[in-house]
Protein chains: 2
Amino acid sequence: MHLLMKNLPHKTIERLSQYRRALLLCHAQGMTYIYSHEIAKIQHITPVQVRRDIMLIGYTGTLRKGYNVMELIELIGNIIDSEEGINVCVVGIGNLGRAITNYFSGKRTKLSIAAVFDVEPSKVGKKYHLIDCFHIDDIPRIIKERKIEIGIITVPGEDAPAIAEILVKAGIKGLLNYTPKPVNVPNKVYLEEYDMITSLEKVAFFVKTHH
Amino acid sequence: MHLLMKNLPHKTIERLSQYRRALLLCHAQGMTYIYSHEIAKIQHITPVQVRRDIMLIGYTGTLRKGYNVMELIELIGNIIDSEEGINVCVVGIGNLGRAITNYFSGKRTKLSIAAVFDVEPSKVGKKYHLIDCFHIDDIPRIIKERKIEIGIITVPGEDAPAIAEILVKAGIKGLLNYTPKPVNVPNKVYLEEYDMITSLEKVAFFVKTHH
DNA sequence: ATAACAATGTGAAATAATTAACATTTTTCT
DNA sequence: AGAAAAATGTTAATTATTTCACATTGTTAT
Ligand SMILES: NC(=O)c1ccc[n+]([C@@H]2O[C@H](COP(=O)([O-])OP(=O)(O)OC[C@H]3O[C@@H](n4cnc5c(N)ncnc54)[C@H](O)[C@@H]3O)[C@@H](O)[C@H]2O)c1
Ligand SMILES: NC(=O)c1ccc[n+]([C@@H]2O[C@H](COP(=O)([O-])OP(=O)(O)OC[C@H]3O[C@@H](n4cnc5c(N)ncnc54)[C@H](O)[C@@H]3O)[C@@H](O)[C@H]2O)c1
């Protein structure tokens with residue numbers, strides 16, 4: 001593993017993921033080289049920031065031609081992906097859980113949803129986009145069997161803390177909580193929380209104040 | 001409008017929204033006062049940060065008793081809400097669009113979804129959680145009639161830029177793009193973009209590097 | 001009454017992230 | 001060949017955000 005990786009700013013990691021997505025589209029359109037200002041335009045940021053991020057991962061472009069699209073895609077992959085891939089599970093296969101499962105399935109990537117969980121008897125045993133749905137009591141077993149390292153929580157808010165605890169006990173390494181209820185995890189588990197209401201309220205605030 | 005509001009850091013706005021949500025739950029449980037360290041615990045941040053945010057909005061608590069829950073809820077409301085409320089629309093009523101519409105409807109808040117749009121003939125004319133679905137050709141008219149100021153984009157990625165343009169032309173003031181495709185808007189429109197893959201890749205990266 | 005404690009409020013310091021400035025280099029044009 | 005243009009790479013400056021450190025002050029215990 002690169003020494004570089006350790007010290008990459010969080011924001012840079014996010015942007016690398018976004019650059020890669022944009023680059024994949026550019027590659028699909030037949031572009032072989034791209035300038036920092038072109039990437040910047042797509043992502044609504046400055047060219048300097050793009051160059052700095054790319055500098056941080058130790059890649060260097062060609063003066064006057066820019067960056068080799070495919071090389072950059074591969075390097076970003078080396079940085080942010082795990083070689084062997086990482087398995088993910090979704091807990092709570094309601095509206096949001098199904099939308100996410102649907103969204104991910106088919107996307108060829110190093111991240112794949114290896115199981116989904118719910119409590120509803122009518123859902124347990126079914127398949128969602130080819131992925132088995134298990135009862136939450138099976139979380140410990142399935143997580144071990146299927147080497148799942150990351151959990152996405154989409155249960156009703158009030159159940160989120162309990163589910164987080166179950167997942168942590170089962171050995172999960174990272175959690176993505178889409179519930180409005182914050183959950184507690186030990187320090188060794190990486191936690192990311194996102195709530196749409198917060199985003200919307202933020203947009204509303206800036207709409208209100210900037211005009 | 002407060003002078004204060006103008007200069008609040010973006011991060012503070014996000015946290016205020018989160019504090020309020022947590023405070024509402026505390027209020028519902030009958031708490032009348034709360035300490036900065038209690039809020040901090042819920043949100044996984046430091047008590048100093050909570051106190052600083054609260055300082056920034058000009059509220060002051062009671063020494064030794066902490067903050068009055070209801071007063072704080074109301075003050076945060078004064079800061080981030082619009083008095084009259086803001087109307088929102090969702091464009092693209094697929095899996096994610098429906099999940100979001102479902103999630104928002106019923107939540108009593110100053111933000112309400114006033115219309116949804118799609119292109120599918122089978123969806124146009126129907127109601128989703130009591131909200132009318134119109135054809136995207138009606139965007140300009142409906143946005144004016146219903147005084148919609150914010151748009152949430154949940155169409156397939158490739159259509160997002162075109163939809164953003166239509167919404168901007170129709171006079172939208174803020175956009176929340178849940179598509180993986182970045183869109184362009186003029187400077188006066190506030191834009192927030194969020195992609196789940198990026199979040200998941202970020203979690204995966206830190207899982208990989210921190211262990 | 002007084003000391004010990006536990007909370008807030010905040011200037012100052014530290015850290016994180018972005019942006020400016022510019023040296024360098026390749027390409028193109030004359 | 002030499003000048004002009006346009007791109008990268010990077011140090012330094014700036015700005016944004018978080019954290020430290022501590023003065024202040026109600027509350028509780030002795
Ligand atoms: N729908 C959205 O767009 C949206 C947006 C932001 C946040 N959220 C949040 O995501 C969560 C799910 O939203 P939704 O709209 O999909 O709700 P939903 O009710 O459609 O789905 C919840 C699912 O969780 C299952 N469930 C309930 N208790 C469970 C438990 N203890 N263990 C496992 N599964 C359990 C239910 O059977 C159901 O399938 C909620 O917390 C919601 O606040 C949703
Ligand atoms: N499902 C998820 O969890 C998820 C997560 C992140 C991002 N996304 C993104 O959100 C978007 C929607 O995802 P989804 O799973 O709901 O897809 P979906 O196919 O279920 O829904 C898309 C909807 O948009 C409609 N549509 C198509 N073209 C349109 C146009 N020009 N104008 C208006 N409506 C149009 C379709 O009729 C459909 O109803 C996609 O861009 C996807 O990448 C989805």
Side-chain angles (χ1 to χ4, degrees), chain A residues 4-19 23 26 31-69 71-72 75-76 187 192 198 202 205-206 209-210, chain B residues 4-19 23 26 31-69 71-72 75-76 187 191-193 198 202 205-206 209-210:
Chain A
L4 291 167
M5 276 205 240
K6 287 284 185 188
N7 304 314
L8 291 174
H10 285 217
K11 289 290 184 67
T12 293
I13 298 299
E14 283 176 18
R15 284 190 299 262
L16 287 174
S17 163
Q18 290 161 359
Y19 297 163
L23 289 167
C26 294
M31 282 176 76
T32 52
Y33 281 89
I34 193 166
Y35 297 124
S36 61
H37 67 256
E38 293 175 301
I39 300 177
K41 183 91 185 297
I42 298 171
Q43 300 297 143
H44 318 303
I45 56 179
T46 65
V48 198
Q49 182 135 76
V50 173
R51 294 206 298 277
R52 165 145 321 249
D53 287 333
I54 290 174
M55 186 192 94
L56 289 173
I57 61 174
Y59 183 67
T60 123
T62 312
L63 203 57
R64 220 53 214 285
K65 277 206 285 184
Y67 304 96
N68 181 296
V69 173
E71 277 178 22
L72 193 47
L75 180 58
I76 293 176
N187 218 281
E192 177 101 0
T198 293
K202 192 178 161 194
F205 174 81
F206 286 108
T209 53
H210 276 52
Chain B
L4 291 166
M5 276 205 239
K6 287 284 184 188
N7 303 314
L8 290 174
H10 284 217
K11 287 290 183 69
T12 293
I13 298 297
E14 283 175 18
R15 283 190 300 262
L16 287 173
S17 163
Q18 291 161 359
Y19 298 162
L23 289 167
C26 294
M31 283 176 76
T32 52
Y33 281 89
I34 193 166
Y35 297 124
S36 61
H37 67 257
E38 293 175 302
I39 300 177
K41 184 89 184 299
I42 299 171
Q43 299 298 142
H44 317 303
I45 56 179
T46 66
V48 198
Q49 181 135 75
V50 173
R51 294 206 298 278
R52 160 115 12 216
D53 286 333
I54 290 174
M55 185 192 96
L56 289 174
I57 61 173
Y59 184 67
T60 123
T62 311
L63 203 56
R64 217 54 212 281
K65 276 207 286 185
Y67 304 96
N68 182 296
V69 174
E71 278 178 21
L72 193 46
L75 180 58
I76 293 176
N187 219 281
L191 174 67
E192 177 100 0
E193 308 200 300
T198 294
K202 192 178 160 193
F205 175 81
F206 287 109
T209 53
H210 277 52

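We name chains A, B, ... by the order of the sequence lines, and we start the count at 1 in each one.
The distance between atom NE2 of B:His44 and atom P of D:dT18, rounded to the nearest whole Å, is 15 Å. Here the C1' atom of nucleotide C:dT8 and the NE2 atom of B:His37 are 12 Å apart, to the nearest Å. The CD-C1' distance, from B:Glu38 to C:dA6, rounds to 13 Å in whole Å. In this entry the distance linking CD of B:Glu14 with C1' of D:dA16 reads 14 Å, nearest Å. Taking atom CD1 on A:Ile54 and atom C1' on D:dA7, their separation rounds to 13 Å, with Å as the unit. Taking atom CD1 of A:Ile13 as the reference point, atom C1' of C:dA16 lies 14 Å away to the nearest angstrom. The CD1 atom of B:Ile57 sits 14 Å away from the P atom of C:dT8 (whole-angstrom rounding).
Note that the NE2 atom of B:His210 and the CZ atom of B:Phe205 stand 8.5 Å from one another [nearest 0.5 Å]. A distance of 9.5 Å separates OH in B:Tyr19 from CD1 in B:Ile57, rounded to the nearest 0.5 Å.
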Going 5' to 3' along nucleotides 17-30 of chain C, which nucleotides have protein heavy atoms under 4.0 Å from the base (write B), which only from the sugar-phosphate (write S), and which from neither (write -)?
SBBB----BBB---
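The nearest pair of heavy atoms linking A:Arg15 to A:Asp53 is NE-OD2, 2.7 Å. Between A:Tyr33 and A:Glu38, the shortest heavy-atom contact is O-OE1, 4.5 Å.
A 4.5 Å side-chain heavy-atom check between A:Tyr59 and A:Ile76 finds every atom pair outside the cut-off.
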Run A:Ile45 and A:Val50 through side-chain contact (heavy atoms from CB on, under 4.5 Å) and show every step you take.
CA-CA 8 Å; A:Ile45 56 179; A:Val50 173; 3.8 Å; yes
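Close to C:dG9, at under 4.0 Å from its OP1 or OP2, lies a side-chain N or O of B:Tyr67.
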